[in-house]
Student: 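This is the structure I have questions about; it appears just below.
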Amino acid sequence: MSEFDIYQLLLFVFILAVVMIPLGYYMARIFQGERVWLSPLVRPAERAFYALSGIKADGQMNWRGYLLAAVVFNLVGMLFLMLILMFQDLLPLNPQHFAGTPWHLAFNVAVSFMTNTNWQSYAGESTLSPLSQMVGLTVQNFMSSATGLAVAVAVIRSFTQRENPNLGNFYVDVTRVTLYVKLPLAIIFAVFLLWQGVPQTFNTSVTATTLEGAQQTIAVGPVASQIAIKMLGSNGGGYFNANGAHPFENPTGLSDFVQLVSILLLPISFVVTFGFMIRDKRQAWALLVSMTLMFVIGFVICYVAEANGSHVLDALGVDQHISNANIGGNLEGKEVRFGIMNSTLWATATSATSNGSVNSMFDSYTALGGLVPLFNLLLGEVIYGGVGCGLYGIIIYALITVFIAGLMVGRTPEYLGKKIEAKEVKWAIVAQLLYPVTVLGGGMLALILPDSVSSLSASGPHGLTQMLYAYASAAANNGSAFGGLSANTLYQNVALGIVMLVGRFGVIVPILAIAGSLASKKIIPVSNGTFPTHGGMFVVLLTAVILMFGGLTYFPVIALGPIAEHLSQLSQSVM
Amino acid sequence: MSKKNKQSLTLADPALLKEAIANSFVKLNPTELIRNPVMFTVGVVSVLSTYLTVWGNGAGEHFAVNLQITIWLWFTVLFGNFAEAVAEGRGKAQADSLRKTKTETMAKKVTSLEDVNFELVPATELRRGDLVMVQPGDVIPGDGDVVKGIATVDESSITGESAPVIRESGGDRSAVTGGTRIVSDGAVVQIGVNPGESFLDRMIGLVEGAKRQKTPNEIALNVLLVGLTLIFLIVCTTLQGFAAYSGKMVPVIYLVALLITLIPTTIGGLLSAIGIAGMDRLVTFNVIAKSGRAVEAAGDIDVLLLDKTGTITFGNRMASEFIPAPGIEESYLAEAAMLSSLADETPEGKSIVRLAEDRFGFKAAERRKDGMTFIPFTASTRMSGVDYDAISIRKGAPDSILYLCGTSGSTQVIKAIETVAKTGGTPLLVARDKQVLGVVHLKDIVKPGIHERFMQLRRMGIRTVMITGDNPMTAAAIAAESGVDDFLAEATPEKKLELIRRYQAEGRLVSMCGDGSNDAPALAQSDVGVAMNTGTMAAREAGNMIDLDSDPTKLIEIVMIGKQLLMSRGALTTFSIANDVAKYFAIIPALFTGIFPSMQRLNLMHLGSPESAILSAIIFNALILIALVPLALAGVKYRPGSASSVLQRNLLVYGVGGVVTPFVCIKLIDMLVSSFMGV
């Protein structure tokens, strides 16, 4: 690492560490219905919303009610988005006269944005009209992340409820997330991006004269507003196909740095919110430390693998040594202006948090470097994870950890004072089971069906990695692409769409069922005989369980993909 | 730990093993195997691999290896069955000894309490509410309550205690157990249960395993194991597709081997053995549980309500100190107190004699002479004593002795009396010829070691509460001395019930023991209620465990047994999952070296050949199951301590050990297998 990289990394950690506590506290107050400094401004708007839509703000929902509300709300949004996309040619604000998308693409995109995946099997700037991007995609960017947060809040409430099945009101939670958290942050962030040079215009293109004197037409549009929420809501769907590597989405070093912070900002702060809401911050620190541990391990592996450079470039005699004077490392598929540190940090962060935006192309990573984002996805997005979903994802792991280890202290396992019994284990297992079914099942089918395999650009282990990554990304609702897969085909659009749906609701249904069951239970006071879920031992155990589950489930297929690729490269370079 | 039943069995009993081996094959019956989903999976897969080996596509090709894999798959199922069969066999042996007490008896049925003409009916036909007459020599035909009369009963058949006990109508000593024998007198017993519902019947059901219902934690664990099995099923079936894409399908039988080594067969095969063994351990402690759920709940207990008398203290007050009046030698007081107690057969009296002997070396037996007139204690005089050689010695309640001496007592004596009372003791005054000699301090003696016991419980996170009828002052003194966390003084059944409810409202699980009818509501309310066998039928109905020895201290052992049961499951689950790491490193390179030669680098153990690697993994998987049967039956060692320390130790042994052991064992097995293959 160059000196500059190190300073930047330290600044990065410092900013997140400083901001997470006040932001976490702010969100906790909002979800508990308390006053915050924005209340005088936002409260009237909030009331007006409830009055207009007929929502009873104090109406409580049990887990079934909450789930039903979430599902209906999301399905309606999805259908609405599908219609916009299919009929964008008939709608206003389509200066380039893009045709309506085929149904399977519309399905794929609608599912993708509704499930907070934001997988993009199309090039945004050459397929979708500004109206589709603004009214369709940006709205879902807000709604999908609000849904994730709302569900997570309901789950947190289940730990503080004493024999009371109510989990809050979904509509109120979604409204409050949007009005108090997402909108203000997104507005500030969008303005910042505008200042940095991100376009926000209804013009569709600008023309530039290149150095060679040729004329180049470059697409623009209402970019800044979408990028702001794309980063904050762990959505990741860019305005442009090249996403965060595109100079109009990510014009400067500063914009890159701030966007990096914004990927982790809400996922990390929300863990702090969890600590405030259950009134036991130590529990939140334990989860946060475990997440951070896995994040750091992933980042170090990814960085080292990329910084060591690629053997192909080595063979060509390229100087890949990193110094203050030389950017170095495996620069294929990376922006020279970002270098290895910013690219690998972004890669680790985006795959860990279900964000899915990219500023470099994973397809060109070394086998081990590319394994890190893939493995992050395979773990099911729990290393901070998506906004809200990361927390409820790791809670499922925590329940399993507590169940296995808890038995070893000779007591019926309990987490945060709630007994973990057959019902909770059953639903936790359902969530853990659906994920490999979709990733491994979907990935395998896609690799053996001739129609599907032809979409791959590579064969052999690398092709396997490309395909596996796509299905893992869809199932984890991440949305980043490894690259190399032409995904806009009938088969991939439908198959990946289904995988995204299962990946989303295959976790939301079980975790809400668990929340419903936990909320109705007593809270058992802590004693010396209780398995402590805040100390170092729990952190190690939880981390071990997550890595074991991920490792045991995916080791064989990873062996055939990145590991086989890496080992054969090793053998070649030895020869 | 308290005394164990004599019939505790060793694993190496050859008859038992023989029967268990036979039963391992009987249990291959699919309808029975399906009760254990993990082993059922192994069974199905074994059938599949047998088919593939013998008739499958290219069956002859690697016949030797395939056959060996198949054989070891079958062994895995059989070993799992064997574990269960051994546990059941031991349970059955226990049950048989319980059942011996249930020999077919004829009952003398009467129609009313006054009825003297009985009708002879088989005991099995008796219903709840029937009245039967029992006379000396009769075996009591069923569980019930004495409703008329009094009888001495020999209960040695169930408690192992040879001294007969007295059972009488009314009061708290009315319950009788079927199978016990009347020694003297006679009574009318009202039968309390229908046939097949008695405590013994239930316990036999529990230890035999056949009708054993899974306990809540066991169900939850089963769900987890089924989930893991399904996950690995997905992993292994999809792997064929990934392999096909990568260039070459792998032999199905190898995938089968991979699946079986990955799914948690170790814990899956041992799970029911652990459960049955837990019940069994309880029976060897002479405790009968009415359900497995209760045993499991015992591990969760965080409040123990303990009766003071008999549990924390010896129950009898004992002399602990002589406090002489001014101007009197202590030995003089002690001698007088001893002489007055020579004929006193009460524990208090004996303890005074013993204390005097210990302190001053008197020989009590030599001091007893003819011509001594002993005056026994009566409720009206409230004193006892001795007259000899015109000397008159009396000991008794302070006010009676003071009245006898016609004095109000010196200030020092009065002060001594108050001090004794304040510390929870009982003061006795001794007077010789109407002169007050001093005070004998009778003390509730706290059992030795109980203080450490409570410390241990506190470290385990269990709160102890002493229940006593004493006044708060006395109770506080005993509580402080014994080290309990809290006490309930002047306890009444209502107060007890209210205390339990209060703890439960806080979310705590409460355990108590009791014997009287008035304990029944509290026993029923508590999460684990242990009724004493000497108690009333009502109390025994209300509790969910019965202690045949009627020893209240056993509550502590019961908690330990519950904890041990849960720990054994957790430890073996952890071990089972941790094993998978090494198995992957054995099998994955073996599977894919054909496609990617460089995969050989993952062969960390340097196993001989792909075939030997797969075979070694599957052999290890089968052998570890059988190797852990003794551990499953004996239970994981439980050393009381805080959750953190217990967890740390178990994680080290079963977690880290679970990762390392298979690496070593698979390598060793591979060396053996390879040498055979080489030949």
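Proteins come first, then strands; the chains are lettered A, B, ... in the order of their sequence lines, and each starts at number 1.
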Student: Among side-chain atoms of N579(B) and T266(B), is any donor-acceptor pair under 3.5 angstrom?
Tutor: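 No, no side-chain donor-acceptor pair sits under 3.5 Å.
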Student: State, with a plain yes or no, whether a side-chain heavy atom of L407(A) is found less than 4.5 Å away from one of P413(A).
Tutor: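 The answer is yes, as the side chains (C-beta and beyond) meet within the 4.5 Å cut-off.
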Student: Using non-hydrogen atoms and a 4.5 Å limit, figure out which bit of V226(B) sits close to chain A: side chain, backbone, both or neither.
Tutor: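 Nothing of V226(B), per the 4.5 Å heavy-atom cut-off to chain A.
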Student: Just wondering, more than 12 heavy atoms not from D486(B) lying within 6.0 Å of its CG?
Tutor: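 Yes - once you tally the heavy atoms of other residues, nucleotides and ligands closer than 6.0 Å, there are more than 12.
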Student: Just give me the residue among T574(B), V559(B), L258(B) that pairs up with chain A most often, heavy atom to heavy atom, under 4.5 Å.
Tutor: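 Highest number of heavy-atom pairs under 4.5 Å: T574(B).
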Student: Can you check whether G516(A)'s main-chain N or O pairs, donor with acceptor, with S520(A)'s side chain at less than 3.5 Å?
Tutor: yes
Student: Please identify, among L228(B), L239(B), I587(B), the residue contributing the most non-hydrogen atom pairs under 4.5 Å to chain A.
Tutor: L239(B)
Student: Measure distances from T530(A) to the heavy atoms of chain B and classify the residue's part below 4.5 Å as side chain, backbone, both or neither.
Tutor: backbone
Student: Name the member of P436(A), A564(A), P556(A), A559(A) that forms the most heavy-atom pairs with chain B at distances under 4.5 Å.
Tutor: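 So the answer, after comparing P436(A), A564(A), P556(A), A559(A), is P556(A).
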Student: Looking at G535(A), S527(A), G551(A), which one has more heavy-atom pairs under 4.5 Å with chain B than the rest?
Tutor: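 Top count of heavy-atom pairs under 4.5 Å with chain B: S527(A).
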Student: Which bit of S644(B) comes within less than 4.5 Å of chain A, counting heavy atoms only: side chain, backbone, both or neither?
Tutor: both
Student: Look at Y638(B), F596(B), F242(B) and state which one has the largest set of heavy-atom pairs under 4.5 Å with chain A.
Tutor: F242(B)
Student: Between S568(A) and S598(B), is there a side-chain donor-acceptor contact under 3.5 Å, judged purely by atom types and distance?
Tutor: no
Student: When heavy-atom pairs shorter than 4.5 Å are enumerated against chain B, which of K522(A), K419(A), M408(A) gives the highest number?
Tutor: M408(A)
Student: Looking at every non-hydrogen atom in both residues, tell me the closest pair between A470(A) and L496(A) and how far apart they are.
Tutor: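 So the two residues come closest at O-CD2, 3.8 Å.
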Student: Quick one: what part of Q648(B) sits under 4.5 Å from any heavy atom of chain A, side chain, backbone, both or neither?
Tutor: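 For Q648(B), heavy atoms of backbone and side chain both lie under 4.5 Å from chain A.
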Student: Please look at L456(A) and chain B and tell me whether the side chain, the backbone, both or neither of the residue comes under 4.5 angstrom of a heavy atom of that chain.
Tutor: side chain
Student: Can you tell which of I429(A), I524(A), L440(A) has the highest number of heavy-atom pairs within less than 4.5 Å of chain B?
Tutor: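 So the answer, after comparing I429(A), I524(A), L440(A), is L440(A).
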Student: Give, as side chain, backbone, both or neither, the part of R649(B) having an atom under 4.5 angstrom from any heavy atom of chain A.
Tutor: neither
Student: At a heavy-atom separation under 4.5 Å, does L221(B) approach chain A through its side chain, its backbone, both, or neither?
Tutor: both
Student: Locate the shortest heavy-atom distance separating M444(A) from G241(B); write the atom from each residue and the value.
Tutor: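 Answer, listing the atom of M444(A) first, then G241(B): CG-CA, 3.5 Å.
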Student: Can you say whether T237(B) sits under 4.5 Å from chain A via the side chain, the backbone, both, or neither, judging by heavy atoms?
Tutor: backbone
Student: Quick one: which of I301(B), D302(B), L591(B), L262(B) has the most heavy-atom pairs under 4.5 Å with chain A, could you say?
Tutor: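 Result: the option with the highest number of such pairs is D302(B).
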Student: Which atoms of M460(B) are under 4.5 Å from chain A, going by heavy atoms: the side chain, the backbone, both sets, or neither?
Tutor: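 Contact with chain A involves the backbone of M460(B) alone.
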Student: For I462(B), is it the side chain, the backbone, both, or neither that has a heavy atom closer than 4.5 Å to a heavy atom of chain A?
Tutor: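 Contact with chain A is absent: no heavy atom of I462(B) under 4.5 Å.
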Student: Is K418(A) salt-bridged to E424(A), cutoff N-O under 4.0 Å?
Tutor: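 Looking at E424(A) together with K418(A), the answer is no, because their closest N to O distance does not fall below 4.0 Å.
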Student: I'd like to verify something: which residue of I563(A), I420(A), V425(A) has the highest number of heavy-atom pairs under 4.5 Å with chain B?
Tutor: V425(A)
Student: Over all heavy atoms of both residues, which pair between R508(B) and V303(B) is shortest? Give the atoms and the distance, please.
Tutor: CD-CG2, 3.6 Å
Student: What is the minimum heavy-atom distance between A257(B) and I614(B), and which atoms define it?
Tutor: CB-CG2, 3.6 Å
Student: Using the ring centroid of each side chain, check whether F159(A) and Y415(A) are separated by less than 6.0 Å.
Tutor: yes
Student: Tell me, for I588(B) versus chain A, whether the close heavy atoms (under 4.5 Å) come from the side chain, the backbone, both or neither.
Tutor: side chain
Student: Using the rule side chain to side chain contact (heavy atoms under 4.5 Å, CB included), only one of I274(B), N222(B), L628(B) pairs with I267(B); which is it?
Tutor: I274(B)
Student: Looking at F531(A), F555(A), F538(A), which one has more heavy-atom pairs under 4.5 Å with chain B than the rest?
Tutor: F555(A)
Student: Please classify the contact of P532(A) with chain B as side chain, backbone, both or neither, using a heavy-atom distance under 4.5 Å.
Tutor: side chain
Student: Picking from V646(B), T573(B), I219(B), D580(B), which has the most non-hydrogen pairs under 4.5 angstrom with chain A?
Tutor: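 It is D580(B).
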Student: Go through the side-chain N and O atoms of N217(B) and T412(A) and say whether any donor and acceptor fall under 3.5 Å apart.
Tutor: yes
Student: In terms of heavy-atom pairs under 4.5 Å with chain A, which of S568(B), S642(B), G461(B), G507(B) leads?
Tutor: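 The residue among S568(B), S642(B), G461(B), G507(B) with the greatest pair count is G461(B).
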Student: Side chain from CB out, backbone as N, CA, C, O: work out which of these in F592(B) comes under 4.5 Å of a heavy atom of chain A, or both, or neither.
Tutor: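 Answer is side chain: those atoms of F592(B) sit under 4.5 Å from chain A.
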Student: Which atom pair, heavy atoms only, marks the closest approach of S511(B) to L555(B)?
Tutor: OG-CD1, 3.5 Å
Student: Do NZ/NE/NH1/NH2 and the carboxylate oxygens of E296(B) and R569(B) come within less than 4.0 Å?
Tutor: yes
